[in-house]
Amino acid sequence: MTLILDPDDPTGWREAPVSATDERSGAAHGAGHAASDRLTAGLNPQQREAVEYRGPALLIVAGAGSGKTRVLTHRIASLIDGREAWPSQILAITFTNKAAAEMRERVEALLGEAAGGMWISTFHSACVRILRREAEAIGLSSTFTIYDSADQRTILKRIIKELDADTLGFTPASAQAKISKLKNELSDVETFARNVNTNDPNEVMFLEIFRQYTRRLRDASALDFDDLISETVYLFRAFPKVAALYQRRFRHILVDEYQDTNHAQYALIRELTRPVEPDVVAELDAHGVLVRGMTDASGRIPGASLTVVGDSDQSIYAFRGADIRNIVEFERDFPGAKVVLLEQNYRSTQNILSAANAVISNNFDRKDKKLWTADGDGDKITGYTGYTAHDEAQFVVDEIEALHRAGVAYRDMAVFYRTNAQTRALEEIFVRSAVPYRVVGGTKFYERAEIKDAMAYLIAVANPLDELALRRILNTPKRGIGPATETSLASFAEQNDLSFRQAMRAADGLGLGPKVTKAITDLANVLDEAAAMLVPSQKGIDEGTNEGAAKVSDVLALLLDRSGLVAALRGSRDPQDETRAENVEELLAQTKDFDRENPGATLVDFLTQVSLVAAADELDDASGTVSLMTLHTAKGLEYHAVFLTGLEEGLLPHQMSASEPGGPAEERRLFYVGITRARKRLFLSLAMSRAQFGEVSVAMPSRYLQEIPDELVDWKQSPGMANSRGGSQPRALNARRGGYGGAGGGAWGTRDRDLERFSVTKSAATKTEWANRVTGTVRDNGDLTLEAGDRIRHTDFGEGTVRQVTGEGSKRIAHVAFDAAGQKKLLIKIAPIEKL
DNA sequence: CCCATTTCGTTTTTT
DNA sequence: ACGAAATGGG
């Protein structure tokens, strides 16, 4: 292990800190005072306190839109400006890379100068940075690969197949979820093995899967997402001297979105804020690390000061291990912690906030907290119930166009939904209406097969041990290397204790066919050649820089050319391959951008950046497009106008969450997060029927809609209206009241409690309208039977003749030729039709 | 070993 | 409905 002075420490570090630490104790004097005035101007008293408080631990409970980013940036700026800390002593953790970049910009704007050396990044980026630097301590190559979920699944699939574990019900997805959960709880294979119940064949099998998985990642010098955090924790625990370097360096640690940290992240923060004990201080000193002036009376370097910002009402990542207790029990974990509450909202109108307050107050077990604004009520919330998802999408697009005509920029509007699958109908209508839009997240550029192929070439060059990458490119493009050849290469490697890559180089001696052998050695040579381009010049090596190494784009260009990947796509007769070739060219263009924007950066830097992009990082503020994204991706963002779509039972709350403890409460928080993204206009919409798995099914309004006080919402078409057509058939519908638990109800989640609550709080006028929904049924034509030749009347389309009836039971569909409106398909059960 | 056809499962959210 | 993966013939 090597102990070196942190290269990011600013020059002058060795002379300066004594005076810096002297000033640290004398809070606000002289220049520091003037600066603090400047940096707290325009803040409310709570915000000001959050900026100015100094102590070991500070919890800022920040409601949505309460200016927490402002508080964080001002707090960092005031620490630096008041000479209380060097920029390099700051570690700020944000949720996305984009948020990190923004925060850095804002801090530098406040300071009026660049503040190099600050670490502002996500948990994952910070950990990668530490791990690459300290890799050798834990027996890892510093060029380790980061495996994404798809990579994990590929490996697990192979393992499960080899072990025949599918007979015990294991799937790659289930094993992946279980492994991830364990790692988030900092339980590694050996810990798990100790506690395993050897009588349970399922557990024994899982242990074997976990073992193999761990071994393969280690052999490939690869880490998965969860490893990035947990391995850093293990590194710090196993090597106190390494930990001490970072504990000494980071004097102020700030964590945003603390409510969404999991146990491993919590442990990491604990390690980083630990004091450095005197014996370790002495060792650091002996290695030339400056410690003078940093120790307290007991000879320790005190733990870093910790600031966390969060809002337990916005905790929406329990499914990936986020533990709400981290924030709830902060005061217990860090005794003497100061708590500051930010409740004043600077983002939304009072109507939007009232809706948000009303919804979230239904979650029990929370500290009551009410958002308020001094800016007035604003417009009412607009509601709409479509007949289908397309109808709903049309409403969204119509409103967007109206807003745009009224002067709202497209980029200031966003459409949110619960699941990615919901984009389909929305996109169709957006395209048809020629409204510029962008789907944020979803199927990402880097997840496309051809891009993963090209990336695998780069990975294979950067990390020769990565067998997964090598296997991926072995026969891509087609070189006549099939599974049989691949297996013999793998077993040759195994038997001779070689890496897969070394086996490829030695393919001559395998007795394979001459054509196949040449294909393998050619590929190995191309990879070697590319690797040679990446070696820095002697000067670069001496100075520890990347000088003389080829640019990422040049390496990729060579690989694409010599492997024939692009040529194969161009020459293919599959018309889609032309697009794929263009995508690969786009990747090449992106590496050129990367080279330009990051001079001196390495291939590994590029691969890291690509691995760690978050969905929200793709957002481009300058693009004049409407943003479409999931509610999860929307966290932390804000828009002038927000559309919350698909507000239906089964979707929000999602079907899958119903069985999980705390599921419905978390889904409610998700709704709350969505509502509070809106500044001026909020639109709530749903559809009465929704296609799923290609089949149309009846949808019910989300239970959360009822939690919004009636007077806040202006329904252009309420669920009741949409179902009953303005009450044209209220009797028939009311007749079914009480019978919703039976056959007609399906997935309806309305409970008695809601019924009561609803009937007490709603006005008489709207009661009738909403009553239809509360009964748990939409318009129901009962057992109306139609057959080809029948004449019907539809409230929109007029009269027509039934041509055909398809489907079964409640999903029967009538194909109708309307006299005026043409051919339509109608879901018989709910369509506003009558038989003539 | 390659390609075409059939079958299957997929939809919760993500670093 | 759609795309990925399994199957089977060339």
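In what follows, chains carry the letters A, B, and so on, assigned in the order in which the sequence lines appear, proteins first and then strands, with residues in each chain numbered from 1.
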Taken to the nearest whole Å, CG/A/Asn97 to P/B/dT15 is 9 Å
Whole-Å distance, A/Arg690 CZ to C/dA1 P, equals 16 Å
| query | Just wondering, are more than 12 heavy atoms of other shown residues or ligands nearer than 6.0 Å to NZ in A/Lys518? | reply | no
Are A/Tyr147 and A/Tyr213 close enough that their ring centers fall under 6.0 Å? no
Sub-3.5 Å pairs of nitrogen or oxygen atoms, protein against nucleotides 9-13 of chain B:
unit_1, atom_1, unit_2, atom_2, d
B/dT12, O4', A/His654, NE2, 3.4
B/dT12, O2, A/Arg418, NH1, 3.2
B/dT12, O2, A/Arg418, NH2, 2.1
B/dT12, O4, A/Glu660, OE2, 2.7
B/dT13, OP1, A/Asn420, N, 2.8
B/dT13, OP1, A/Asn420, ND2, 3.0
B/dT13, O4', A/Arg418, NH1, 3.1
B/dT13, O2, A/Arg418, NH2, 3.2
B/dT13, O2, A/His632, NE2, 3.4

inquiry  = For A/Phe319 and A/Tyr317, I'd like to know if the aromatic rings sit close, meaning centre-to-centre distance below 6.0 Å.
reply    = yes
Sorted by chain and number, sequence neighbours left out, side-chain hydrogen bond (donor to acceptor under 3.5 Å, both in side chains) with A/Arg424 holds for none
To the nearest angstrom, the CE-P distance between A/Met629 and B/dT14 comes to 11 Å
A/Gln176 CD to B/dT14 P, in whole Å, measures 14 Å
Atom CD1 of A/Ile520 and atom P of B/dC1 are separated, to the nearest Å, by 10 Å
Exercise for review: For A/Thr485, report the nucleic acid contact type (base, sugar-phosphate, nothing); a contact means any heavy atom under 4.0 Å.
Suggested key: sugar-phosphate
### Message
When the C1' atoms of C/dA4 and B/dT13 are compared, how many Å lie between them, rounded to an integer?
### Response
22 Å
From CG of A/Leu228 across to C1' of B/dT14 the rounded distance in Å is 14 Å
Separation of C/dA5 atom P from A/Arg158 atom CZ, nearest Å, is 12 Å
Applying side-chain hydrogen bond (donor to acceptor under 3.5 Å, both in side chains) to A/Ser312 and not counting sequence neighbours gives none
message: For a quick check under 3.5 Å, do A/Gln314 and A/Tyr672 share a side-chain donor-acceptor pair by atom type?
response: no
* Pair A/Asp311 + A/Lys68: basic N to acidic O under 4.0 Å -> no
By nearest-heavy-atom nucleotide on DNA chain B, the more 5' of A/Asn475 and A/Ser611 is A/Asn475
B/dT12 and C/dA5: how far apart are their C1' atoms, nearest whole angstrom?
23 Å
Here the distance between atom C1' of B/dT14 and atom CD1 of A/Ile229, to the nearest Å, is 13 Å
